[in-house]
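Here the structure comes first, spelled out in structure tokens, and everything after it is commentary.
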Amino acid sequence: MGKRPYEDLKRKNMELSRLDVRERPAVCRALPVKVTVNNTHKCNLACPLCFKQFEPGANMSYPDMPIEIFRDLAEDLFPAADEVALSVSGEPLAAGPIEEELELGGRYGVRYRITTNGVFLGLEKIRRLVLENVAFLHVSMDAATKDTFERIRKGAGWERVLDGIRSLLAERARLGKGPEVWLNFVMMRENIEELPDWVSLAAELGVDALYAEHVVVPAALSIQSLVRHRRLGAAQMEEARRRARDLGIRLHLPAPYPPPAEGEEDPFVSREEAREIVARGGEGDPALEGKAQEDAGKGNSSDKPKEAPKLPTPEEIRAWNSRILSGPAVPCPYAWKETWIHYDGDVLCCDTPTFPHGMGSVKEEKASALWNGAPYRELRERLASGEAFAACRHCHVVAQLSGGGDSLSFVKET
């Protein structure tokens with residue numbers, strides 16, 4: 001097998017990046033070894049817990065990244081990058097220029113990683129593009145049954161997604177090439193009891209590996225977080241691990257939340273009850289109502305009418321994120337090796353769209369120059385010194401890497 005394009009440059013950049021990650025300088029010697037490109041803000045689904053539900057307009061009305069911006073990014077960053085992930089806020093395979101985008105990856109020798117809802121795998125053309133150009137394909141499939149899947153992934157069809165996965169795997173076997181295929185699972189009250197059977201379903205399909213993570217929700221929807229169902233979550237995760245060992249399939253799980261204190265119990269809430277509370281925007285959640293009563297008592301305002309919980313606005317979340325909190329250094333997995341490019345050309349440090357400040361725009365300056373610009377230098381200095389933004393101090397990614405004990409990372413207060 002021949003060398004991939006720019007292989008020597010990529011190898012050298014990777015060596016420098018390892019030094020940057022270890023030494024954590026403000027100015028990096030390497031360019032990003034991974035680039036996440038939000039190639040579209042479109043999505044063909046309307047999932048009830050997705051942040052896109054708080055945005056105006058229909059999901060498929062949003063823009064793609066202009067192909068001119070994508071081409072410039074590819075020329076600037078892809079020669080040194082090892083991996084490129086497509087999309088954060090949309091369905092990457094729904095992008096209008098997806099064919100040229102994938103072909104550009106091949107030209108510059110990057111390993112594409114794509115997370116998809118799987119609906120477009122039913123299209124022969126899309127499967128061909130994926131088989132030819134993608135190294136890792138993650139299909140979001142958060143259930144083991146049709147009813148649960150179609151409630152969580154509103155607008156997706158259970159049979160259509162399963163048929164698309166089976167067709168892709170069959171064509172990969174016939175051609176002898178194609179991506180490593182993963183199934184992804186976002187764990188919440190709605191689906192946690194299906195986690196072990198999901199492992200069995202994945203083994204039956206013949207995918208290569210499995211990845212599960214905790215749901216991240218605003219406080220008003222926290223009834224779905226396993227922070228509120230700790231013993232149930234831990235038991236189902238342990239059974240899923242056992243099932244994966246027995247079936248011989250790779251399973252990546254985060255740590256479960258720490259168990260309740262001795263004598264403390266998680267109040268049992270059924271899936272149906274949790275679903276109804278979410279539909280009301282948190283109204284009727286006993287924990288939120290208890291907190292409201294406690295707050296009213298502290299303020300000696302017992303006569304004040306009780307307010308229903310409300311979903312935070314982007315401005316409220318941004319204000320929460322922008323606080324500076326002192327503590328130990330934050331082991332950020334991104335700041336020294338990965339950059340994120342929004343569909344409008346804005347450069348972000350991670351997938352937090354309400355981060356206190358951006359890193360610049362590729363419409364004004366090349367991403368390779370912004371990588372060591374003033375905002376990135378400030379971010380790295382704060383992470384290394386411990387004088388970090390609240391968004392970083394309570395990052396759900398850092399919490400999962402370090403054990404998942406920080407429940408505030410997964411249930412955002414304002």
Please give me the minimum heavy-atom distance between [X] and [Y], naming the atom from each residue.
| X | Y | value |
| --- | --- | --- |
| Glu387 | Ser326 | OE2-OG, 2.7 Å |
| Leu45 | Ala156 | CD2-N, 3.3 Å |
| Cys392 | Val330 | O-CG1, 3.6 Å |
| Arg172 | Pro179 | NH1-O, 2.7 Å |
| Ser200 | Leu247 | CA-CD1, 3.7 Å |

Taking [X] first and then [Y], would you say they form a salt bridge - that is, a charged N and a carboxylate O separated by under 4.0 Å?
| X | Y | answer |
| --- | --- | --- |
| Glu132 | Lys177 | no |
| Arg24 | Glu381 | no |
| Asp197 | Arg243 | yes |
| Asp8 | Lys3 | yes |
| Arg71 | Glu75 | no |
| Arg107 | Glu100 | no |
| Glu239 | Arg242 | yes |
| Glu83 | Arg111 | no |
| Glu378 | Arg382 | yes |

Can you tell me if [X] uses its side chain to pair, donor with acceptor, with the backbone of [Y] under 3.5 Å?
| X | Y | answer |
| --- | --- | --- |
| Glu171 | Leu168 | no |
| His214 | Ala255 | yes |
| Trp198 | Met141 | yes |
| Asp76 | Ser368 | yes |
| Lys363 | Gly345 | no |
| Asn133 | Leu129 | yes |

Quick check: do [X] and [Y] have side-chain heavy atoms less than 4.5 Å from each other?
| X | Y | answer |
| --- | --- | --- |
| Asp64 | Lys42 | yes |
| Arg271 | Glu194 | yes |
| Ile249 | Val207 | yes |
| Pro25 | Trp336 | yes |
| Trp182 | Leu210 | no |
| Pro32 | Glu338 | no |
| Met359 | Leu348 | no |
| Asp285 | Arg228 | yes |

Leu226 and Met188: CA distance, side-chain angles, deciding distance, side-chain contact (heavy atoms from CB on, under 4.5 Å) verdict: CA-CA 6 Å; Leu226 297 184; Met188 61 189 84; 5.6 Å; no

Test side-chain contact (heavy atoms from CB on, under 4.5 Å) on Met65 and His342 and set out the steps. CA-CA 8 Å; Met65 172 179 280; His342 205 40; over 6 Å; no

Side-chain donor-acceptor contact under 3.5 Å, [X] with [Y]:
| X | Y | value |
| --- | --- | --- |
| Asn39 | Glu101 | yes |
| Ser225 | Ser222 | no |
| Thr40 | Glu91 | no |
| Asn191 | Thr148 | no |
| Glu364 | Ser361 | no |
| Asp142 | Asn184 | no |

Got more than 12 heavy atoms from elsewhere within 6.0 Å of [atom1], [X]?
| X | atom1 | answer |
| --- | --- | --- |
| Glu159 | CD | yes |
| Glu272 | CD | yes |
| Lys34 | NZ | yes |

According to the interplanar angle, ranging from 0 to 90°, do the rings of Tyr112 and Phe78 count as parallel (below 30°), tilted (30 to 60°) or perpendicular (above 60°)?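 If you compare the ring of Tyr112 with that of Phe78, the planes turn out perpendicular.
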
Is the [X] to [Y] ring centre distance short of 6.0 Å?
| X | Y | value |
| --- | --- | --- |
| Trp371 | Tyr376 | yes |
| His394 | Trp320 | yes |
| Phe268 | His229 | no |

Where do Lys154 and Glu150 land on the salt bridge (Lys or Arg N to Asp or Glu O under 4.0 Å) test, with the steps shown first? CA-CA 5 Å; Lys154 188 176 179 182; Glu150 293 183 353; over 6 Å; no

For Ala30, what residues pass the side chain to side chain contact (heavy atoms under 4.5 Å, CB included) criterion, not counting sequence neighbours?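 If we apply the side chain to side chain contact (heavy atoms under 4.5 Å, CB included) test to Ala30, skipping adjacent residues, the hits are Asn13, Leu16, Ser17, Asp20.
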
Go through Asp351 and Trp340 one step at a time and tell me if the side-chain contact (heavy atoms from CB on, under 4.5 Å) criterion holds. CA-CA 7 Å; Asp351 67 343; Trp340 302 60; 3.4 Å; yes

The test is salt bridge (Lys or Arg N to Asp or Glu O under 4.0 Å); show your working for Arg11 and Asp82 and say whether it passes. CA-CA 8 Å; Arg11 184 187 305 110; Asp82 175 68; over 6 Å; no

Without placing hydrogens or testing angles, list every side-chain donor-acceptor pair under 3.5 Å for residues 160-167, not counting sequence neighbours.
| unit_1 | atom_1 | unit_2 | atom_2 | d |
| --- | --- | --- | --- | --- |
| Arg160 | NE | Val119 | O | 3.4 |
| Ser167 | OG | Asp163 | O | 2.9 |

Say you draw a straight line from [atom1] of [X] to [atom2] of [Y]; how long is it, rounded to the nearest 0.5 Å?
| X | Y | atom1 | atom2 | result |
| --- | --- | --- | --- | --- |
| Thr339 | Leu370 | OG1 | CG | 8.0 Å |
| Gln224 | Ile277 | CD | CD1 | 9.0 Å |
| Asn44 | Arg153 | CG | CZ | 10.5 Å |
| Asn372 | Cys28 | CG | SG | 5.5 Å |
| Arg275 | Ile152 | CZ | CD1 | 9.0 Å |
| Leu86 | Leu102 | CG | CG | 6.5 Å |

Apply the test side-chain contact (heavy atoms from CB on, under 4.5 Å) to residues Ser87 and Leu93: give CA-CA distance (whole Å), side-chain angles for both, the deciding distance (0.1 Å), then the verdict. CA-CA 9 Å; Ser87 200; Leu93 299 180; over 6 Å; no

